[in-house]
Amino acid sequence: MLQFREVKMPVLKDNGVLIKVIATSAHIGDTRIRRVDPFLVRIIFGLFKPKKNLILGLEISGIVEKVGRNVTLFKPGDEVFALTGFGLGGYAEYICLPEKVKEGKQERKGQIVIKPRNLTYEEAATVPAGALTALKNLQKAKLSRGQKILINGASGSLGTFAIQLAKYYGAEVTAVCSAKNFDLVKFLGADHAIDYTSEDFTRIPQKFDVVYDAVMKSRASRCRKILKKNGVFLNNSRQPKIIGDDLPFLKGLIEKDILKPVIDRTYSINDIVEAHRYVDKGHKKGNVAVTVYSV
Ligand SMILES: NC(=O)c1ccc[n+]([C@@H]2O[C@H](COP(=O)([O-])OP(=O)(O)OC[C@H]3O[C@@H](n4cnc5c(N)ncnc54)[C@H](OP(=O)(O)O)[C@@H]3O)[C@@H](O)[C@H]2O)c1
């Protein structure tokens with residue numbers, strides 16, 4: 001259940017960065033933790049139910065308010081975006097995150113990066129979790145120029161990031177979504193589109209180097225027929241290992257106008273319950289942003 005509470009200001013450590021949160025997202029991961037989805041919550045957030053007073057929020061954007069005495073990379077006034085890691089905490093007015101974390105611990109401890117200059121706070125807040133997951137999956141498949149990829153759930157958060165990243169890697173993209181989202185996926189670069197409501201993509205004659213079931217509605221065994229020999233099936237069942245260079249790399253693509261988050265709706269934090277209800281329906285286009293503080 002989501003409830004507003006007064007909580008203590010986070011304590012700033014010597015290596016910590018205190019950020020005034022301007023925006024966050026209603027991320028599918030937040031809604032799953034709220035619902036105590038067993039796969040995510042039991043493994044990552046403790047047995048059977050989330051910690052008492054767990055503040056959700058996997059990703060944020062905001063302004064650095066104060067820095068700890070050992071911090072050199074950020075200063076008050078810096079505009080940043082961040083993955084909050086397993087500590088979550090984005091649905092609050094302030095969050096404290098470490099300036100830098102040990103390599104390979106980014107998905108656990110979070111990561112702060114200067115915000116892409118060409119995105120609003122709301123746009124920037126929807127990038128870290130979805131774009132990093134899509135990026136790591138495509139990297140796992142070693143997607144390369146001229147290869148063919150099919151993306152199932154192409155109109156969702158992961159799908160919309162994956163289309164743009166696959167085009168960046170030079171692949172030919174077939175997007176699976178409902179017909180109402182054809183214009184969106186083609187605008188993002190998809191070469192072909194299949195309507196899952198009228199056609200079973202696992203029975204088409206074409207073969208692919210990579211099938212990415214971004215929406216987790218299919219199975220490897222069902223997709224085997226449309227994979228080339230040595231083709232790769234991907235979904236999001238494994239937590240990807242994020243490294244320190246990943247989020248700065250995505251920021252670079254954003255600033256070169258190669259990657260842009262799709263924002264379906266923006267809610268105020270006061271309407272967070274409505275935002276979660278909308279995400280729970282499972283039909284958002286791209287991402288849902290949440291304004292925590294209006295600037
Ligand atoms: N987003 C992340 O960062 C992240 C990270 C790790 C794991 N995951 C997991 O990955 C999955 C997808 O996450 P997401 O955030 O991308 O979801 P999402 O944004 O909520 O996906 C919604 C989209 O999926 C489409 N869709 C719904 N049912 C479909 C179907 N049967 N076939 C094809 N498309 C369908 C919808 O299109 P229509 O309206 O046309 O139906 C809608 O555009 C979830 O299981 C999530 O838990 C997500």
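One-based numbering, in listed order, for ligands and for the atoms of each.
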Do [X] and [Y] come close enough that some side-chain heavy atom pair is under 4.5 Å?
| X | Y | value |
| --- | --- | --- |
| S25 | N287 | no |
| I272 | Y267 | no |
| Y293 | I269 | no |

Which ligand 1 atoms are under 4.0 Å away from a heavy-atom of [X]?
| X | value |
| --- | --- |
| S178 | 38 (P), 40 (O) |
| G156 | 16 (O), 19 (O), 21 (O), 22 (C), 23 (C), 43 (O) |
| N152 | 32 (N), 33 (C) |
| A214 | 10 (O), 11 (C), 12 (C) |
| G286 | 19 (O) |
| H27 | 1 (N), 2 (C), 3 (O), 4 (C) |
| A129 | 3 (O) |
| K180 | 38 (P), 39 (O), 40 (O) |

Next item on the list: Decide whether the shortest distance between a heavy atom of G29 and an atom of ligand 1 is less than 4.0 Å.
Entry: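 In this structure, G29 fails to qualify as a contact of ligand 1 - no heavy atom is under 4.0 Å.
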Check: Can K115 and D78 be counted as an ion pair, charged N to O under 4.0 angstrom?
Finding: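 Looking at D78 together with K115, the answer is no, because their closest N to O distance does not fall below 4.0 Å.
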Item checked: Under-4.0 Å salt bridge between D209 and K148 ->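 The answer is no: the pair does not qualify as a salt bridge.
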Within reach of ligand 1, part of [X] (heavy-atom separation under 4.0 Å):
| X | answer |
| --- | --- |
| K217 | side chain |
| V279 | neither |
| I28 | side chain |
| T133 | side chain |
| H283 | both |

Check: N137 and N236: side-chain donor and acceptor closer than 3.5 Å?
Finding: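 Their side chains do contain a donor-acceptor pair, which is all the 3.5 Å distance test asks for.
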Item checked: Q3 side chain to R5 side chain, donor-acceptor N/O pair below 3.5 angstrom ->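 A pair is found: one side chain offers a donor N or O, the other an acceptor, under 3.5 Å apart.
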Checklist line | Any donor-acceptor pair under 3.5 Å from E99 side chain to L73 backbone | finding: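 A pair under 3.5 Å: yes.
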Note to self: Between D30 (side chain only) and G57 (backbone N and O only), is there a donor and an acceptor less than 3.5 Å apart?
What the structure shows: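 Judged by distance alone, yes, a pair lies under 3.5 Å.
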Checklist line | Set of residues satisfying side-chain hydrogen bond (donor to acceptor under 3.5 Å, both in side chains) with respect to E274, sequence neighbours excluded | finding: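 Counting only residues at least two positions away or on another chain, E274 forms a side-chain hydrogen bond (donor to acceptor under 3.5 Å, both in side chains) with R277.
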Notebook entry, point to check: Looking at ligand 1, does any of its N/O atoms fall within less than 3.5 Å of an N/O of G159?
Noted result: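 In fact, backbone or side chain, G159 has no N or O that close.
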